[in-house]
Each structure stands twice: as C-alpha cells, then as structure tokens.
Amino acid sequence: MEPALRELWAESRDLLGLPSSSLDAAAAAAVPRVDLPPTPLAFLRDHVSPGRPLLVSAAATRHWPAVSLWPTASYLTDALRSTAVSLHLTPDGRADALASHPRRPGGPGPSRCFASAHVRRVDFPTAVRLIRASDPAAGLVAYAQQQDDCLRGEYAAVAGDVDAHVPWASEALGCLPEAVNLWIGNAHSVTSFHKDHYDNIYVVVSGEKHFLLLPPTEHHRLYVREYPAARYVAAEQDSEGEHQLRLKLEMEEPERIVPWSSVDPCPASPEEMAVQASSFPLYFDGPAPMRCTVRAGEMLYLPSMWFHHVSQSPGSNGLTIAVNYWYDMQFDIKYAYFNFLRSLDIDGCSSGKAGALEGDLEEKKD
C-alpha cells in the first residue's frame with residue numbers, strides 16, 4: 001500500500017505544479033505568487049478548483065487603514081483600552097498541541113495528550129503587555145487567538161480598519177466569510193500541524209507568519225492519532241499580578257478524544273530530530289512541504305483541508321498581528337475522496353489511539 005500512496009503523492013503534486021523530491025528545505029516548493037489580486041474567475045479556476053495555495057502581494061491591502069495604524073505603538077491599545085478580550089495562555093507557546101500526559105509518566109497507555117490553552121478575560125492593554133513579555137523560560141506565553149469570529153465580536157471597535165470580506169474571494173466562493181478572526185502574538189507562539197474545514201484567506205498586518213504546507217493527499221505522513229484531551233489551568237498567582245501566573249495541565253473529565261498529528265517538523269535538538277525521523281518516516285522521508293513566509297500586507301489563500309504548521313516573527317512593535325477570513329468549504333466529491341483516503345490504515349498512520357510507539361517516543365526524548 002505504501003508504494004501506491006507515494007505514487008499518489010507524486011501525481012497529485014505534479015497536478016498542482018509542486019516538486020515531489022525528498023524532504024529537503026532547499027527543494028521545498030514555493031507558493032505561487034501574484035503582484036495584484038486575481039480576478040474571481042482566475043482565482044476560482046487556478047486555485048480554488050484544483051486546491052492550490054496562492055500568495056498575494058501587499059497591493060491587496062494598501063487601502064486598509066489597519067496597515068498603517070495597527071503596527072504603531074499605541075493605536076490598538078488606545079482604541080481597545082476598555083475592551084475585555086480572551087487571552088490564551090500556555091507555558092511554552094504551544095496551544096492546541098501535543099504535550100506530555102500529566103498522569104502517565106512511564107505508565108501504560110499514551111504518554112502524550114492534546115493540550116488546550118488556559119483562557120483568561122483581560123483588558124486589551126494587559127493582553128498586549130503579557131504578549132510582549134511572553135517567555136517560555138518564565139513558564140508563560142500569551143497569545144490572542146480566539147477563533148469565534150472575534151474581529152467582529154471582541155474587537156468590533158477596530159473591525160472597520162480592514163475589509164469586511166475579500167471581494168474577489170467572496171465572488172469566487174459564492175459566499176461571505178463565516179468568521180473573521182484577529183491574531184496577536186510574539187515569536188514564541190507556534191501552531192502545530194492541523195487542517196481546517198474552511199477556505200482560508202490569511203492576512204498579516206505586522207511581522208511575518210511562516211507556514212509549512214502539505215496537501216490533503218498526504219494525510220498519512222502526519223500520523224494523525226487519537227489523544228485524550230487536557231487543558232492548562234491556573235495553579236497559583238502571587239500578589240504581583242498576571243506575570244506570576246503558574247499553569248498546570250489537567251486531563252478533561254469526562255474524557256474527550258481529539259485526533260491530532262503526531263509529527264513535530266521542527267524538533268529542538270538533533271537527538272529529538274533523530275527520534276522523530278525514525279518514528280515518523282513517511283513525513284521525514286518524503287516530499288518537501290511547501291514553505292511560505294507571509295509578510296506584512298500580504299494575503300495567503302490556504303485551501304480547505306490543507307495541513308499547515310505556523311510559526312511567526314514579530315514586527316518592530318514586538319507583535320505579530322494577523323487577520324484571517326474563514327469561508328465555509330464545499331463538501332463535495334473531494335471531501336468524500338479525502339475521507340476514503342483517511343480511512344486506509346497504512347502501517348499505523350491512520351487515526352487510532354496512540355499506543356506503544358507514542359510511549360517509545362516520549363521515553364527516548366526523556
């Protein structure tokens with residue numbers, strides 16, 4: 001079955017105009033780029049229908065007031081001074097990601113779990129202060145990443161600084177965005193490999209976002225498995241305030257299971273890289289992911305069901321600020337094909353409870 005999968009990867013990449021060489025950063029495919037926004041017809045024909053990402057230059061957002069206002073030191077803080085926002089807190093900047101299971105150090109069952117952030121309502125100036133001060137060495141990283149149409153909700157006071165939708169995308173997709181979200185973080189926040197059931201237009205306003213991308217046909221390379229869900233909770237806080245907040249990981253009750261990618265594409269050390277490469281060979285011995293840096297003012301079209309891993313670099317204001325437009329995907333024959341592909345069990349790569357291999361991985365990393 002694996003040879004057939006590899007042939008599928010190669011053929012689908014050929015159809016998308018991507019190289020199918022080995023996992024080598026130098027050979028990684030670049031996302032197609034245009035200097036001006038495409039017409040709705042060209043966007044539908046060349047990108048939506050085939051499922052091909054697209055990077056649009058800053059010409060697409062030159063008319064946005066946000067482009068000049070949001071990167072300044074005080075505009076957002078002044079505009080949102082009395083606004084309470086949802087701030088997501090983790091010890092290491094990895095929310096909605098795998099973490100060591102708090103109850104099973106060396107015991108039976110999976111040694112990792114799916115960890116969600118601790119969410120706290122704070123006023124916006126406090127949120128910005130905590131984001132700028134975020135540091136894994138201090139055990140606290142803050143990220144404004146509420147994904148519930150928050151730009152038109154919590155941040156409605158500044159929603160008029162950007163377009164309410166992306167006109168050429170809305171016409172091509174035949175609908176308006178279901179959600180528009182605002183993201184504010186610093187370099188310590190990293191998003192692990194995942195996919196969304198949305199066509200995504202992602203716009204960076206300050207700093208840069210760095211994407212690793214894999215098409216849906218390469219689902220098995222990410223070793224999606226089922227993990228028990230956990231959540232960070234506040235453990236203690238001294239009188240000096242939020243900077244002294246301590247977080248601990250607690251398993252959710254009743255148990256909730258989350259399918260998630262087991263692969264870390266950017267291990268912190270050569271030893272961890274060796275463990276990852278031996279444990280997840282279909283990822284590390286396969287075609288290079290597409291790599292894309294989205295700079296301030298630029299737009300990335302990310303087709304639905306594409307897997308993406310995201311890191312970021314702040315701008316001169318110490319923040320990475322982005323807006324994304326989520327358009328509901330079309331549940332057509334391509335979705336049925338993906339579900340069939342996902343159902344195939346290829347050497348333990350399909351969704352299933354994480355077992356011995358996960359325990360081996362954690363044991364080697366310790």
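The chain is numbered in sequence order, starting from 1. Here the structure is a predicted model, which is why all the values come from computation and not from measurement.
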Query raised in the report: Is the CZ atom of F340 crowded by more than 12 outside heavy atoms at less than 6.0 Å?
Result: no
Query raised in the report: Do V190 and F211 belong to the same hydrophobic cluster, where Ile, Leu, Val, Met, Phe, Trp and Tyr are linked whenever their side-chain heavy atoms lie under 4.5 Å apart, directly or via other members?
Result: no
Report summary line: So the salt bridge (charged side-chain N to carboxylate O under 4.0 Å, His left out) pairs with at least one residue in residues 30-51 (sequence neighbours excluded) are R33-E298
**Report entry** Heavy-atom donor-acceptor pair, D123 side chain to T83 backbone, under 3.5 Å
**Finding:** no
Query raised in the report: Is there a side-chain contact between V294 and Y202 (heavy atoms, below 4.5 Å)?
Result: no
Query raised in the report: What are the two closest non-hydrogen atoms of A142 and L89, and how far apart are they?
Result: CB-CD2, 3.5 Å
Query raised in the report: Taking side chain as C-beta onward, heavy atoms only, is T90 less than 4.5 Å from Y143?
Result: no
Query raised in the report: Just checking, is any N or O donor in the side chain of Y327 or S304 under 3.5 Å from an acceptor N or O on the other one?
Result: no
Query raised in the report: Would Y335 and W326 show up in the same hydrophobic cluster when neighbours are defined by side-chain heavy atoms closer than 4.5 Å?
Result: no
Requested in this report: Could you verify whether a donor N or O on one side chain and an acceptor N or O on the other, from W183 and N324, lie under 3.5 Å apart?
Outcome: yes
Query raised in the report: How close do T320 and S313 get, heavy atom to heavy atom, and via which atoms?
Result: OG1-O, 2.9 Å
Query raised in the report: Are Q276 and C266 close enough that some pair of their side-chain heavy atoms sits under 4.5 Å apart?
Result: no
Query - Euclidean distance, R295 CZ relative to E208 CD, rounded to 0.5 Å - result: 5.0 Å
**Report entry** Atom of L249, atom of S100 and distance for their closest heavy-atom approach
**Finding:** CD2-O, 3.6 Å
Query raised in the report: Any sub-3.5 Å donor-acceptor pair from N186's side-chain atoms to H188's backbone N or O?
Result: yes
Query raised in the report: Under 6.0 Å from the CD atom of E171, do we count more than 12 heavy atoms belonging to anything else shown?
Result: no
Report task. Using modelled atom types only, decide if a donor and an acceptor are shared between the side chain of Y223 and the backbone of L282 within a distance under 3.5 Å. Result -> yes
Report task. Determine whether V204 and L300 make a side-chain contact, defined as any pair of heavy atoms from C-beta on separated by less than 4.5 Å. Result -> no
Query raised in the report: Does the separation of the ring centres of H194 and H308 fall below 6.0 angstrom?
Result: yes
Query raised in the report: Can you check whether R120 reaches L245 side chain to side chain, under 4.5 Å on heavy atoms?
Result: yes
Report task. Determine whether the side chains of H101 and S111 contain a donor N or O and an acceptor N or O closer than 3.5 Å. Result -> no
**Report entry** Heavy-atom check, side chain of Y155 versus side chain of V323, under 4.5 Å
**Finding:** no
Query raised in the report: What distance separates L16 CG from T217 OG1, expressed to the nearest 0.5 Å?
Result: 7.0 Å
Requested in this report: Enter the distance from Y325:OH to N181:CG here, rounded to the nearest 0.5 Å.
Outcome: 11.0 Å
**Report entry** Interatomic spacing from CG in L302 to CG in L55 - rounded to 0.5 Å
**Finding:** 11.5 Å
Query raised in the report: Rounded to the nearest 0.5 Å, how far apart are NZ of K195 and CZ of R342?
Result: 5.0 Å
Query raised in the report: Going only through I, L, V, M, F, W and Y residues with side-chain contacts under 4.5 Å, is there a path from M273 to L212?
Result: yes
Requested in this report: Show your reasoning for whether side chain to side chain contact (heavy atoms under 4.5 Å, CB included) applies to D285 and R6.
Outcome: CA-CA 11 Å; D285 182 24; R6 290 184 178 273; 4.0 Å; yes
Report summary line: Tightest non-hydrogen contact, residues C113 and P102, listed as SG-CD, 4.0 Å
Query - Heavy-atom closest contact (R112 atom, P228 atom, distance) - result: O-CD, 3.9 Å
**Report entry** Flag, side chain of R121 to backbone of A84, donor-acceptor distance under 3.5 Å
**Finding:** yes
Report summary line: Taking every heavy atom of A157 against every heavy atom of L80, the minimum-distance pair comes out as CB-CD2, 3.9 Å
Report task. Applying side chain to side chain contact (heavy atoms under 4.5 Å, CB included), run through D96 and T191 and close with a yes or a no. Result -> CA-CA 7 Å; D96 298 336; T191 304; over 6 Å; no
Requested in this report: Report the C-alpha separation of L5 and L341 in whole Å, then their side-chain angles, then the decisive distance to 0.1 Å, and conclude whether the side chain to side chain contact (heavy atoms under 4.5 Å, CB included) test is met.
Outcome: CA-CA 9 Å; L5 268 186; L341 178 67; 3.8 Å; yes
**Report entry** Under 3.5 Å: donor-acceptor pair, side chain of H220, backbone of E2
**Finding:** no
Requested in this report: State yes or no: do V141 and L87 share one hydrophobic cluster built from I, L, V, M, F, W and Y residues joined by side-chain heavy-atom distances below 4.5 Å, directly or via other members?
Outcome: no
Requested in this report: Determine yes or no for a side-chain-to-main-chain donor-acceptor pair under 3.5 angstrom, with S206 supplying the side chain and L319 the backbone.
Outcome: yes
Report task. Indicate yes or no: at least one non-hydrogen side-chain atom of C175 is less than 4.5 angstrom from one of D328. Result -> no
Query - Ring geometry between F338 and H219 (parallel below 30°, tilted from 30 to 60°, perpendicular above 60°) - result: perpendicular
Query - F43: ring-ring contact (aromatic ring centres under 6.0 Å, His included) partners, not counting sequence neighbours - result: W168, Y301
Query raised in the report: Is there a donor-acceptor pair under 3.5 Å between the side chain of R62 and the backbone N or O of G297?
Result: no
Requested in this report: Using the side chain to side chain contact (heavy atoms under 4.5 Å, CB included) rule, take W9 and R221 through it: C-alpha gap first, then chi angles, then the decisive distance, then the call.
Outcome: CA-CA 10 Å; W9 302 342; R221 297 183 61 197; 3.3 Å; yes
Query raised in the report: If only atom types and distance count, is the side chain of H47 paired as donor or acceptor with the main-chain N or O of R52 below 3.5 Å?
Result: yes
Query - D78 CG to L69 CG distance, which is reported to the nearest 0.5 Å - result: 11.5 Å
**Report entry** Within one Ile-Leu-Val-Met-Phe-Trp-Tyr cluster: L8 and L214, side-chain cutoff 4.5 Å
**Finding:** yes
Query raised in the report: Within a strict 4.5 Å, meaning less than it, do heavy atoms of the D199 and L173 side chains meet?
Result: yes
Report task. Look only at the side chain of K334 and the backbone of P50, and say whether a donor-acceptor pair between them is shorter than 3.5 Å. Result -> no
Requested in this report: Look only at the side chain of H309 and the backbone of S192, and say whether a donor-acceptor pair between them is shorter than 3.5 Å.
Outcome: no
